[in-house]
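Notes follow once the structure below has been shown.
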Amino acid sequence: MSLKFSIDVLSKSNRNSLGRDIDITVFRLMRFMDLERYLGRGAHGVIYDCGKELGESLNPSTIDDVVNFCEKYKIGKVEIINKSPLQIRVYECISCSGLPEVGEPLCWFEGGFIAGCLEKILNKKVRAKETHCAGLGDDFCQFEIKVL
Ligand SMILES: [Zn+2]
């Protein structure tokens, strides 16, 4: 996947009076626009790859780096709940927290982000599958990690 702007360029801002924060509604409007209408069934994969790109570019050395980044950038509160198989839980998720149950997981971006981070940390291919989500009626997101 290629981005129009690098993560470094995207992070620059000249919003001297408004600052860097936006309301979660703005993020979610873009996050949940009907991409499938334009991209077909591959839309989830595009969002996953976008999150993965961010995770890789963050180039974390430890899982603590990932936990701290997610808290600092308000992606969510990340907790490792099991080491083998690796299971990662996200509370107060930026994408789905508070959304209604819709019968499917919603956090493709977060799954890709976690996978991208873990690939850098482990130096192995990783797949993150969301097993719990507000979209499935849960109070948190949970990802099952497969090291390939
Ligand atoms: Zn979720």
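Just follow the structure's listing: the first ligand is 1, and inside any ligand the first atom is 1.
Coordination check, His132 versus the Zn ion (ligand 1): failed, since every N/O/S atom of the residue sits at 2.8 Å or beyond. Contact annotation: Cys141 places an N, O or S atom under 2.8 Å from the Zn ion (ligand 1).
Checked by atom type, the side-chain pair Thr25/Asp23 shows a donor-acceptor distance below 3.5 Å.
For the Zn ion (ligand 1), the nearest N, O or S atom contributed by Glu130 is named OE2.
Here Cys133 contributes SG and Cys96 contributes SG, and at the Zn ion (ligand 1) these two atoms make an angle of 90°, given to 10°.
Residue pairs meeting the ring pair (Phe, Tyr, Trp, His ring centres under 6.0 Å) criterion with at least one member in residues 113-137, sequence neighbours excluded, are Phe69-Phe113, His132-Phe140.
Taking Gln142 as the reference, Arg89 meet the side-chain hydrogen bond (donor to acceptor under 3.5 Å, both in side chains) condition, with sequence neighbours excluded.
Proximity of Pro85 to Asn82: side-chain heavy atoms (C-beta onward) are separated by under 4.5 Å at one or more points.
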